[in-house]
Every structure is written in structure tokens, then in C-alpha cells.
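When a ligand or atom number is given, it counts from 1 through the structure's own listing order. Note that these values count all heavy atoms, side chains included, but never hydrogens, waters or copies made by symmetry.
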Amino acid sequence: MKAPQGVTLVDHPLVQHKLTRLRDRNTSTKTFRELVREIATLLCYEVTRDLALTQREVETPLEVTTAPEIAGKKLVFASILRAGEGMLEGMLNLVPSARVAHVGLYRDPQTRAAVEYYFKVSESLAERQVIVIDPMLATGVSARAALERLKEAGARDLRFVCILAAPEGIEALRGDHPDVPIWCAGIDRGLDDHGYIVPGLGDAGDRLYGTR
Ligand SMILES: O=P(O)(O)OC[C@H]1O[C@H](OP(=O)(O)OP(=O)(O)O)[C@H](O)[C@@H]1O
Ligand SMILES: O=c1cc[nH]c(=O)[nH]1
Ligand SMILES: [Mg+2]
């Protein structure tokens, strides 16, 4: 599917290959976890592609020169628990000094409402770019709730990174938060009667942690 306005579909062959392996029901928990981490690293490379740079003086063994470094305060990775944790290490591989925020949410299977159980963020959120991570954007309920809470806590410059998105989730998120661009590795056909992405990859949290 073509990416709608505000969505960057990362179609790099490595990402697409790893995503196919994630979809495979026969992929083990161990491999699933490794693949989520690896895809997260590749998505991190893309979502940080336009970070602002500033110049600073650096003394090489041969002479003094000016060279670029990332400007501004450290990034924040905001992980939507629990499945977001599967992506966190992969993101931190590329930006080890990032701050980490945690938004504990689960989607009630009956009502499909987002239920918050934990919220902990770093200081000065307003001055940092906040990259929200969760492998799945299905109905969009969880992502919308997480963005709302992060904005209440001061975040102003937000991006959302997921592995798989449904068109319904993209529409819901872009509708409520048009200021928040999305990066993803795949956009699937839609949702089933239980709000699962189809064809999808199943329940990301359960597959990451071997639950259910
Ligand atoms: O777009 P939505 O319809 O809200 O669905 C997506 C949410 O569902 C999954 O979490 P889940 O509620 O299964 O919690 P878990 O990470 O603890 O398994 C996933 O990690 C998202 O947070
Ligand atoms: O397909 C889906 C939808 C919500 N949450 C998941 O983990 N998978
Ligand atoms: Mg789950």
C-alpha cells in the first residue's frame, strides 16, 4: 500500500525481509525478539535522518577543524508498554544517550479502550524531540492515548514509529494528532473483528514475551 500523507513507509529490503520473518507464525520467540530489535534499529536510522546538526571545533591528530554534531537536547524514546520495550534496545543501539520515557497502556480486549497503568517521563520534555515507539498501530486507540498523555506532560515535537500499521490506525492517529508524523515498515490491509491487524503478525507483546 502507498503511504498516505504524513507517513514514511520504510521499504528498505532488509526491513521488508525481516518483517516477513516476523509475520511467519513459525518464527520462535527468540528470533521474533531479535527481529523486532533489528527492525527498530533500521527504523531509528530513518526517523533520525533529518536531525538538526551544528558545527563544533574538533582537534584531530593532525589539525583543528570544524565538524558536525547533533544539535539540541538529547532525544527521548517513549516506549508504549509492553511491546514497545521490544523496540527500545534496537533504538538505543543507535542513540545510546537518549532519555527513555515509559507509557504503560493496554488495550482492553472487551471495550478496546486504552487502560493506563504507568507513566514516567524525563524532565524538560518540551525541549526535546520525543520518538514514540510501539510495534503495532491497529485501531490507534493506544497511540492516541499515549500521544495525548505525552503532550499533557509537555511534549511538543513528537514522532511515532511502529513496525506495522493498519489504515484505520493511521487515519485515527493523523486525525487526532496531525502534527505527529509516522514511520513504519508496513501498512496492512485492515483490522479483523477483534481489532487485530490483518494479515499482520499476531499479538506483538505475546510473541515477544512468549505469553498466552
Ligand atoms: O492500535 P491499538 O488498537 O490500540 O492496538 C495496538 C496496541 O496493542 C498492542 O498492545 P497491547 O494492548 O496488546 O498491550 P501489550 O503491549 O501489553 O501486549 C500494541 O503493542 C499496541 O500498543
Ligand atoms: O494486530 C495487533 C493489534 C493490536 N496489537 C497487536 O499486538 N497486534
Ligand atoms: Mg499485546
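The shortest heavy-atom distance from G169 to ligand 1 is not under 4.0 Å. G202 counts as a contact of ligand 2, since one of its heavy atoms falls under 4.0 Å from the ligand. Put simply, no part of R207 is less than 4.0 Å from ligand 2, judged by heavy atoms.
Geometrically, ligand 1 and I80 share no nitrogen or oxygen pair separated by less than 3.5 Å. On a distance-only criterion, S142 and ligand 1 share at least one N/O pair closer than 3.5 Å. Geometrically, ligand 1 and R82 share a nitrogen or oxygen pair separated by less than 3.5 Å. The shortest N or O to N or O distance between Y106 and ligand 1 is not under 3.5 Å.
Using a 4.0 Å cut-off between charged side-chain N and carboxylate O, R49 and E46 make a salt bridge. For R144 and E148, the salt-bridge test fails: no basic side-chain N is under 4.0 Å from an acidic carboxylate O. With respect to the salt-bridge test (charged N to carboxylate O, under 4.0 angstrom), the residues E34 and R37 do not qualify. Comment: R159 engages D50 in a salt bridge, judged by a side-chain N to carboxylate O separation of less than 4.0 angstrom. For D157 and K73, the salt-bridge test fails: no basic side-chain N is under 4.0 Å from an acidic carboxylate O.
The shortest distance between side-chain heavy atoms of T27 and R207 falls below 4.5 Å. Side chains of I187 and P167 form a contact here, defined as non-hydrogen atoms less than 4.5 Å apart. L137 is listed as a side-chain neighbour of L173, based on a closest heavy-atom distance under 4.5 Å.
Here is the list of ligand 2 atoms found below 4.0 Å of a heavy atom in D203: 6 (C), 7 (O), 8 (N). The distance from ligand 1 to the heavy atoms of A83 drops below 4.0 Å at these ligand atoms: 16 (O), 20 (O). Per-residue contacts place A138 under 4.0 angstrom from the following atoms of ligand 2 (heavy atoms of the residue considered): 3 (C), 4 (C). Listed by number with element, the atoms of ligand 1 under 4.0 angstrom from any heavy atom of M136 are 6 (C), 19 (C), 21 (C). Below 4.0 Å from some heavy atom of A204 lie the following atoms of ligand 2, by number and element: 6 (C), 7 (O). Residue T139 approaches ligand 1 through these ligand atoms, each under 4.0 Å from one of its heavy atoms: 1 (O), 2 (P), 3 (O), 4 (O). Distances below 4.0 Å separate heavy atoms of G195 from the following atoms of ligand 2: 3 (C). Residue-ligand proximity, L81 to ligand 1, at heavy-atom distances under 4.0 Å covers atoms 16 (O).
Remark: the backbone N or O of G200 is paired with a side-chain donor or acceptor of R23 at under 3.5 angstrom. Panel note: side chain S142, backbone A114; no donor-acceptor pair is recorded below 3.5 Å.
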